[in-house]
Amino acid sequence: MDSDSDSDGSHVSATPPRDPLPPPRRPPQLPPKPSSSSKSSAKIKPSSHSDTIFKPKKPTSSKRDKAKAKPVPEPEPKPIIQPDIPSPVGNFPFQIRRPSDQSHPISVGRSFETLPAGFFSTRRASFSKFSKSSLTFEPETTPEIAAEPKIKGYDGSGSAKTFSKKLPNLIRGDAPLPEVKLQKRSEEGNFVKLNFRGFKRKFTAKGKKMNSYSYKSKYFRRSKRRVKPEVDTGSLCDEEGLVSDIKQQSKAEKPSRFESVEAAISAVRNEVSDENLVSLLKAMYGYDSFRDGQLEAIKMVLAGKSTMLVLPTGAGKSLCYQIPTVVLPGITLVVSPLVALMIDQLKQLPPMIQGGLLSSSQGPEEAAETLRMIQEGSIKVLFVSPERFLNADFLSIFSGTTFVSLVVVDEAHCVSEWSHNFRPSYMRLRASLLRAKLNVECILAMTATATTTTLQSVMSALEISSTNLIQKAQVRDNLRLSVSLSGNRMKDMLKLMKSSPFLEARSIIVYCKFQYETDEISRYLCDNNISAKTYHSGMLARDRSRTQELFCANKLRVVVATVAFGMGLDKRDVEAVIHYSLPESLEEYVQEIGRGGRDGRLSYCHLFFDDVTYYKLRSLMYSDGVDEFSVNKFLCQVFADDTNSHEKVCSLIKESASRKFDMKEEVMLTLLTHLELGGTQYLHLLPQLNVTCTLNFHKTSPMSLADKDPAVAAILRKSEIKQGQYVFDIPTVANSIGIAANELSNHLQDLKVKGEITYELKDPAFCFKVVKVPSDFCSLTGLLTRWLLDVENCKVWKLDAMYSSAVFAVDACAKTHDCNVAQQTTCLQKRILDYFKGDNNPDVFDKMGHNSPFLRADIKVFLQSNSNVKFTPRAIARIMHGIGSPAYPSSTWSRTHFWGRYTQIDFKAVMNAAKAELINFVGKDAP
Ligand SMILES: Nc1ncnc2c1ncn2[C@@H]1O[C@H](COP(=O)(O)OP(=O)(O)OP(=O)(O)O)[C@@H](O)[C@H]1O
């Protein structure tokens with residue numbers, strides 16, 4: 001493919017150049033006329049095909065690393081809409097109301113029936129007495145407590161003691177709001193303080209001994225290296241310091257503290273009563289009462305019922321598996337999507353729970369060490385990545401005396417392709433598989449952000465009964481929400497930060513969509529005397545940690561971050577969250593504002609949005625999509641060798657396959673996982689490997705070595721010699737002598753140790769064994785393509801819903817419902833509630849253009865000037881929308897005159913125009 005479009009004549013076009021942009025448009029007025037297309041695309045028809053695995057009702061997103069989202073490489077276009085909002089207060093375009101002084105309610109779960117004494121004496125007891133009828137989730141009437149409640153802790157002897165530092169239990173959907181005391185915050189951050197027993201712990205790195213279960217982990221070893229001497233060794237975010245401190249504390253507090261916890265555990269084992277559980281809560285954490293939803297969830301789990309728990313961010317979901325963990329006899333497995341999240345959760349475990357972690361990014365030694373500790377019984381909670389979850393090594397540890405009492409699926413929305421953050425590896429988490437492989441009965445799925453459609457699909461995959469859903473409002477009442485349409489976000493943001501109440505906020509997170517924006521903004525803020533630092537996934541881990549440490553210690557006021565900052569961050573006193581860019585979905589918005597006010601105090605959340613960013617994001621929603629043509633080519637390659645040999649290992653080198661099929665690696669993985677875990681199992685995925693080996697012989701000559709060693713003989717047969725080196729494909733050689741790829745790798749390692757060879761491995765690849773060759777490629781292709789398109793439509797719909805909600809808040813909220821800007825919180829909360837409930841979905845209006853007089857003519861010119869390149873309609877539409885793809889990278893195609901010219905015309909309309917022009921073009925050129 002000739003991809004050089006520099007001299008392609010594409011400067012000749014039907015449209016004028018990109019600048020100036022079209023005349024300013026006002027945001028659409030509500031009530032809007034929802035586009036039939038967008039509405040219909042949002043409704044996904046369940047397929048009747050026998051291969052159908054997913055029965056969606058609503059579309060959604062596929063897996064993407066949002067943190068890595070790259071902007072289209074074009075200069076920031078001029079804003080096309082001027083701010084259109086009233087300026088009711090001072091010099092600031094919106095007004096934020098402060099609540100009146102109110103006291104905090106204490107949340108106490110309603111009474112449940114109790115379990116019989118001795119209930120936990122057997123591994124799987126009968127739960128008959130814990131009747132379903134007792135598990136209704138009605139709002140509770142709760143006693144109110146004073147604004148500054150006293151928290152009781154334990155003095156080590158098991159007797160209750162009152163501490164002067166209170167830990168308010170403020171977070172609940174219906175909680176009245178506390179008085180705002182923005183100025184009175186403590187200087188200390190509280191990110192990784194363990195709040196057990198009501199003590200406010202600050203962890204230092206003084207302890208030399210590491211936590212027994214994690215000191216060998218590379219994460220802690222790395223952190224040891226990366227913490228520079230001049231860095232505050234008392235850093236609250238220092239993993240090593242934290243872990244060693246936990247260890248020291250555990251030692252110091254034994255036996256008295258642990259005895260009181262053990263007594264509380266025994267009491268719960270004898271009788272799962274509210275009273276006993278509250279005592280255990282106090283003994284373990286020092287909290288006086290459960291928050292809304294916690295007690296119900298814990299009792300459900302202790303009754304062995306798989307449960308779906310939906311609580312807002314920061315509402316205390318972790319405690320809902322930690323308490324059952326200490327009561328139940330077996331191990332608890334917690335599946336988490338991100339290693340960083342697992343580390344955070346490991347750090348936050350109370351000292352009486354020993355934890356470990358297994359992830360695909362660990363080396364074999366670390367993993368083996370963790371496995372050994374599990375078998376020894378020294379790990380009670382194991383954090384595990386979904387990739388590791390069902391592999392043979394992992395499963396082998398549960399064949400003996402070690403057994404699993406509970407599987408916790410954290411961020412459970414990732415199971416559903418209709419969520420905002422689907423992970424293909426989460427497809428492994430099916431109840432049937434968990435039962436078959438781990439003999440596990442009880443699953444606790446937890447999320448803060450899921451629509452009804454997402455919940456249904458998660459609960460169906462995990463076989464959770466609809467009666468076992470515990471769901472509370474997804475946005476906390478202590479978040480004050482406001483929105484403004486901005487023509488100059490940078491200036492408006494500065495203005496915002498210099499006005500009350502943001503002026504007083506001491507800890508602020510600014511969320512941006514693109515990495516480059518974070519740098520620009522933090523520089524701008526620093527230039528204006530606001531201390532700010534950047535945080536995004538493109539930074540060195542060391543720099544990211546440093547920023548987080550400073551922020552957690554309240555030594556840095558503002559972190560300007562992408563979505564990479566937040567998950568697992570438990571800094572309780574973030575006082576403001578500002579969205580510089582429109583989030584991609586209301587789920588993402590809710591997740592990010594959820595970083596604010598985790599201490600229950602008021603936190604102010606302002607969202608800036610503009611049309612340019614919306615168009616840019618909308619284009620990006622199409623960057624994962626694929627066509628039937630590519631899916632078909634992909635399937636042909638996967639099943640190219642239809643020998644149906646169950647033993648043969650096949651591989652797809654990620655980079656070259658990605659270019660060949662014009663598919664992102666994540667999309668290929670999604671398809672492969674679907675082929676493994678869908679209705680029919682077509683293949684069995686194996687761990688990913690570097691498959692290309694380049695080898696040199698040293699001691700013995702290749703022929704002599706081959707005489708003694710069949711593996712070497714096979715290497716000589718299957719290699720190409722390039723510059724005197726033997727280059728071969730690991731699976732090909734392994735297959736030819738009937739051994740597993742990893743056996744061959746081990747054998748090569750042995751030869752290397754003996755000094756016979758040296759070698760290098762490269763080309764990471766997906767590896768799999770074919771289980772069944774599809775009988776009908778066409779229908780399987782159609783099925784998979786439709787599914788991916790539905791997922792794409794869902795992503796677009798989610799963005800549109802987000803955008804519409806923002807417009808609704810600034811425009812319709814004021815005009816239609818006669819509420820001023822200060823009441824945006826109520827309007828937005830309602831909008832969010834409707835969105836998540838799904839039964840009264842918000843109107844999503846169609847802002848996109850559907851045609852342009854120049855579009856077809858431009859496509860024609862583009863095709864003529866690139867006549868030596870093959871295009872699909874999607875490839876052309878991507879170029880017109882300024883989105884790079886593996887086969888048409890932005891580094892090459894952004895040079896064309898048409899790059900990103902049609903971002904305001906609906907992608908599908910551009911694709912249709914491209915299809916029509918391609919037919920014309922091919923027709924004319926055909927002989
Ligand atoms: N009953 C309680 N009373 C007071 N504080 C609590 C209670 N339960 C949990 N917390 C505290 O609330 C904070 C948030 O808890 P946790 O991290 O479990 O929230 P989460 O729901 O998992 O949040 P996210 O979704 O953001 O991960 C923690 O500091 C925790 O100690």
Side-chain angles (χ1 to χ4, degrees), residues 104-109 142 145 149 151-153 165-173 175 189-201 236 274 277-278 280-298 309-323 334 336-338 340-350 353 408-414 421 444-450 470 472-476 478-479 509 552 565-574 577 587-588 590-601 603:
H104 316 299
I106 189 167
S107 168
V108 179
T142 54
I145 58 167
I151 293 274
K152 283 186 177 174
K165 186 70 202 176
K166 306 3 164 261
L167 291 171
N169 180 359
L170 303 172
I171 302 176
R172 48 174 294 163
N190 52 7
F191 170 47
V192 288
K193 286 167 189 167
L194 290 188
N195 292 315
F196 53 83
R197 297 197 310 143
F199 283 117
K200 194 172 174 187
R201 304 279 311 177
L236 297 173
D274 292 3
L277 284 169
V278 172
L280 182 53
L281 173 78
K282 267 189 184 175
M284 281 179 71
Y285 304 90
Y287 298 139
D288 279 333
S289 63
F290 284 104
R291 284 180 178 161
D292 213 7
Q294 287 181 328
L295 190 60
E296 291 100 312
I298 292 167
L309 178 64
V310 188
L311 294 183
T313 46
K317 290 184 284 298
S318 319
L319 197 141
C320 300
Y321 72 80
Q322 289 169 1
I323 288 187
V334 182
S336 256
L338 297 174
L341 199 57
M342 290 189 221
I343 295 172
D344 279 326
Q345 291 187 340
L346 185 67
K347 286 189 300 190
Q348 285 160 21
L349 280 180
I353 302 180
V408 179
V409 182
D410 198 11
E411 308 295 343
H413 54 266
C414 298
N421 204 6
L444 172 64
M446 309 192 304
T447 180
T449 45
I470 301 172
K472 305 292 166 191
Q474 308 201 14
V475 184
R476 280 181 269 117
N478 64 330
L479 303 179
I509 303 176
C552 293
F565 189 65
M567 269 211 184
L569 175 74
D570 190 26
K571 177 170 166 59
R572 292 166 64 89
D573 58 355
V574 174
V577 177
E587 285 97 323
E588 190 179 309
V590 165
Q591 185 79 39
E592 289 171 352
I593 57 175
R595 297 297 127 204
R598 288 163 81 89
D599 54 3
R601 292 167 187 250
S603 184

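Order of listing sets the numbers, starting from 1, for every ligand and every atom in it. Predicted model only: the values in this text are computed from it and were never measured. The analysis underlying the following values was restricted to heavy atoms, covering all of them including side chains, and did not include hydrogens, waters or symmetry mates.
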Heteroatom distance test (Gly314, ligand 1): nitrogen or oxygen, under 3.5 angstrom: yes
Minimal non-hydrogen separation, Ile298 against Phe290, with atom names: CD1-CE2, 3.4 Å
Atom indices of ligand 1 within 4.0 angstrom of Pro312 heavy atoms, with elements: 21 (O)
Arg572 to ligand 1, any heavy atom closer than 4.0 Å: yes
Test of proximity, Ser318 against ligand 1: N or O pairs below 3.5 Å: yes
Closest contact, heavy atoms only, Tyr321 versus Met446: CD2-CE, 3.8 Å
Contacts of type side chain to side chain contact (heavy atoms under 4.5 Å, CB included), residue Leu338, not counting sequence neighbours: Leu341, Arg423, Met567
Side-chain (Gln294) to main-chain (Arg291) donor-acceptor, under 3.5 angstrom: yes
Contact with ligand 1 for Gln591, non-hydrogen, under 4.0 angstrom: no
Identity of the nearest option to atom 12 (O) of ligand 1, non-hydrogen atoms only, from Glu411, Arg598, Gln294, Arg291: Arg291
Lys282/Asp288 salt bridge by N-O under 4.0 Å criterion: yes
N-O pairing of Lys317 and Glu411 below 4.0 Å: no
Gly594 near ligand 1 by a heavy-atom separation under 4.0 Å: no
From the candidates Tyr287, Tyr321, Phe290, the one that places a heavy atom nearest atom 2 (C) of ligand 1: Tyr287
Residue-ligand contact Leu311/ligand 1, heavy atom below 4.0 Å: no
Ligand 1 N/O within reach of Gly316 N/O, cut-off under 3.5 Å: yes
Exam field: side chain Arg476 to backbone Gly594, donor-acceptor pair closer than 3.5 Å: yes
Leu319 neighbourhood, listing ligand 1 atoms whose heavy-atom distance to it stays under 4.0 Å: 8 (N), 9 (C)
Distance, nearest 0.5 Å, that separates CG of Leu309 from NZ of Lys472: 9.5 Å
Ligand 1 versus Arg595: contacting region, heavy-atom distance under 4.0 Å: side chain
contact_flag Cys320 ligand 1 heavy-atom lt 4.0 Å: no
Side chain Asp410, main chain Ser336, donor-acceptor under 3.5 Å: no
